[in-house]
Protein chains: 4
Amino acid sequence: MSPTGTRVRDAAIELFAERGFHGTGIRDLAERAGLSSATLYHYMGTKEDLLVSIMTESLGRLVEAGERLTTADPLTRIIGLVELHVLTHAMRRLETRVVDDEMRSLSPARRKAVVALRDRYEALWQDAIDAGVADGVFHVRAPRVARLALLEMCGGIARWYTPDGPIPLEDLALRYAEMALGVLGVAGPPPPLDVDTVRRTRALVDEIW
Amino acid sequence: MSPTGTRVRDAAIELFAERGFHGTGIRDLAERAGLSSATLYHYMGTKEDLLVSIMTESLGRLVEAGERLTTADPLTRIIGLVELHVLTHAMRRLETRVVDDEMRSLSPARRKAVVALRDRYEALWQDAIDAGVADGVFHVRAPRVARLALLEMCGGIARWYTPDGPIPLEDLALRYAEMALGVLGVAGPPPPLDVDTVRRTRALVDEIW
Amino acid sequence: MSPTGTRVRDAAIELFAERGFHGTGIRDLAERAGLSSATLYHYMGTKEDLLVSIMTESLGRLVEAGERLTTADPLTRIIGLVELHVLTHAMRRLETRVVDDEMRSLSPARRKAVVALRDRYEALWQDAIDAGVADGVFHVRAPRVARLALLEMCGGIARWYTPDGPIPLEDLALRYAEMALGVLGVAGPPPPLDVDTVRRTRALVDEIW
Amino acid sequence: MSPTGTRVRDAAIELFAERGFHGTGIRDLAERAGLSSATLYHYMGTKEDLLVSIMTESLGRLVEAGERLTTADPLTRIIGLVELHVLTHAMRRLETRVVDDEMRSLSPARRKAVVALRDRYEALWQDAIDAGVADGVFHVRAPRVARLALLEMCGGIARWYTPDGPIPLEDLALRYAEMALGVLGVAGPPPPLDVDTVRRTRALVDEIW
DNA sequence: AATGAATGAGGCTTCATTCAT
DNA sequence: TATGAATGAAGCCTCATTCAT
């Protein structure tokens, strides 16, 4: 993408995240990107097209990364997914917030494809949870509820994370992994829960973003 | 409040929850309430006043209910808070979504008071968690992160709950309580985790709403 | 219709006739009607709705008047139709110009109904012509072409007529009737071609408009 | 003119005729001509310049052809003018429609010259009609009205003609000539009304266009 | 010869709000 | 209590045009 195109995109991510899609005007976008509002339209279709492309790209990357983790055993998988989710929601907090919050702003026609992508991603979580329950390593009585709870819990970091906080991001990822295992009823801190795993997940994130 | 006033309020809750504050027009509100848009202004101040009053009332009740739970020991308290949060977010899912999602739509001037109320509520959680950690009954390495994670996890039910689902609400509250204790590193299912406690919490909700 | 509604309508008729639909801006309409452009929208739907309603009403009246003439013999009928067409295009020259010129400005969806109405009206002409040919009173070798030529010829008066001109309108109607009979190959001026007939047709116009 | 210049011109004729001047955007023109909208400006001045040049050239040719017919007697002249008008409006229906319909789209400054050209052309008609009336070969009571009616009638062919129709163009020209003589009150089919005359007029058209 | 980038002005329409009745 | 009428500001988007490359 051209540098200006990137500026438009970045402006949209910032503003949609801060003020919401409907709270962001075309003039706001133009001002943030340093363009006239007419020029904006050289770099996007409609405002909704811009939103869709942001969501699609972000979710697409998340799906791609998530699918790389599906080969491992359920425990390793869920740890990887938690780390992936937490890291991306911290490192890309603006665009992930847009994905998580602005689904409702899409027109039905455009929503379909985005929801399908999100469902693919959530299915990775559900599969890992179900497999862990089947293996007896997770103990939850309502696996679907657990998935929803975990996604909400881990994604929540995008609502408050800043790199200036007292806890380094890799440690935060570990804390979330511990909490997630608690949610899933895993007894005691299992071996894969160390910083090296987090770093491997982070490398994955860096590769795909 | 007059019956018509209630209709306006309910319409606003529904629409703000579904489409967001900026996605909802005065005309939408009027139509949903069965009034002309001019008449609307007999029952509200500005659109933002309406939002503020919805948020203030909802949060006010949550705070009031939460403060009734502060006498118990940390474990009982956190269980009560989780149940309270889950029950209200399920039973009043629209208005709680408005509270959770539309803070950013408030002008700075109006936001202050609402944020203060929310902070009071969240402090109840933080106090309970910190007390539990001090007592050695909770085992978390980042108590502030745990609070944020728990609130996000429990409030998330408002994004998907419907009374038609397969799991009765009281059971859901129990599941969330179990997951919360997992997050907090509590070992084994403790005594207060039964349906009677949920029912007591529900009675509290019914009393205050 | 409310007085203001009528002002909006009249402004639209004037401007659409003078500058065309696409050459008329919403601000032009508002200014001509003495309103703000926002207020305009209390009295119309979209700009296209306004155009459609003008065309539909005008054509509707023309059809209604035309259908009152279908009982007579072909010669009397065609004379009546010519007089009707000429009188309306002179007396209502602006709205008839809009009807005749702005069909192409309608979106396909809206065009359908208007074209159907116009076709109904033109069928009255074709039927009269065909009947006259069958009766041997008209002598034309291409009746469809004659219809098109006559309509164009008679409607053309809307492009130049002004009440201040040297020839009174009723005389103009007679001149057009004479020319029309010439087009249709009728030999010699037939009896019904006098001012009394024109006055009867004019009474019909006055009744229906 | 360069081939590309011709493409631009042809695109403009098509679109101005179909959608009107104000209904045609620069982008539409560019797309139809297969160029970018910036490149368009290498082949034209402003959009209005393009319109003016189309109208001027078309009218100029009409005037030139019309003036070749002024030597004959009134009857032959009017027949020639009718044939010329009908043939050009059928063979060049798009550009003649632009001439006939888009005069109002010209700014006053540019309109003057075009109107002058049109007036020169219409004077040819008026002169022929007046001469015929003076000679006693035409019988019309309002010669100016007859001119307006004839021009409208004959030019109308541009609104519906297609080469695929059931009647060959030369026959159409004859039909229009017959109708025109009817309008002018000429008794009986006079000698010059045959296909050979039409062919001569057609040759004139082919020479000048 | 050709175009991507740029823009001020304006396109149509809706916004939240007020006020006289 | 209720609303039709009214509006300045703003909504998203396209306009015709210019210019550096």
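Chain A is the first sequence line, chain B the second, and so forth, proteins listed ahead of strands; every chain is numbered from 1. Keep in mind that this is a model prediction, so the values were computed, not measured.
- Contact record, Leu15(C) with Thr24(C): O-OG1, 3.2 Å, taken as the closest heavy-atom pair.
- Going from atom OH of Tyr43(B) over to atom C1' of dT3(F) covers 12 Å, rounded to whole Å.
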**Request:** Carefully, step by step, assess Tyr121(C) and Glu64(C) under the rule side chain to side chain contact (heavy atoms under 4.5 Å, CB included).
**Result:** CA-CA 9 Å; Tyr121(C) 177 66; Glu64(C) 188 179 344; over 6 Å; no
**Prompt:** Where each pair must be Watson-Crick or G-U wobble with both distances under 3.5 Å, what dot-bracket representation of DNA chain E is obtained, with crossing pairs in [ ] and other-strand partners as |?
**Reply:** .||||||||||||||||||||
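- Rounded to a whole Å, the CG atom of Leu40(A) is 12 Å from the P atom of dT14(F).
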**Message:** Set out, in order, the CA-CA distance, both residues' side-chain angles and the distance that settles salt bridge (charged side-chain N to carboxylate O under 4.0 Å, His left out) for Arg32(A) and Glu14(A), then state yes or no.
**Reply:** CA-CA 9 Å; Arg32(A) 182 72 61 109; Glu14(A) 287 174 30; 2.4 Å; yes
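- By the salt bridge (charged side-chain N to carboxylate O under 4.0 Å, His left out) test, Arg93(D) is found to be paired with no residue, residues two or more places apart in sequence or in another chain being considered.
- Heavy-atom nearest nucleotides on DNA chain E were determined for Thr4(D) and for Gly34(A), and the one closer to the 5' end corresponds to Thr4(D).
- Atom CZ of Arg7(D) is separated from atom C1' of dA2(E) by 12 Å (rounded to the nearest Å).
- Annotation: Arg120(C), atom CZ; neighbour count of heavy atoms from other residues, nucleotides and ligands within 6.0 Å does not exceed 12.
- Formation of a donor-acceptor pair under 3.5 Å by the Thr39(B) side chain with backbone atoms of Leu35(B) is not found in this model.
- Val114(A) has its side chain out of reach of Glu102(A): every pair of non-hydrogen atoms, C-beta onward, lies at least 4.5 Å apart.
- As rounded to whole Å, 14 Å separates atom C1' of dG4(F) from atom CG of Leu35(B).
- Nucleotide dC13(F) holds its C1' atom 12 Å from the CG atom of Asp49(A), rounded to whole Å.
- Atom-to-atom, CD of Glu31(A) to P of dT7(E) comes out at 13 Å; the value is rounded to the nearest Å.
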**Prompt:** Just by protein heavy atoms under 4.0 Å, how would nucleotides 14-21 of chain E read 5' to 3' in B, S and -?
**Reply:** BBBBBB--
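- Looking at Lys47(D) and Phe21(D), their side chains come closer than 4.5 Å, going by heavy atoms from C-beta outward.
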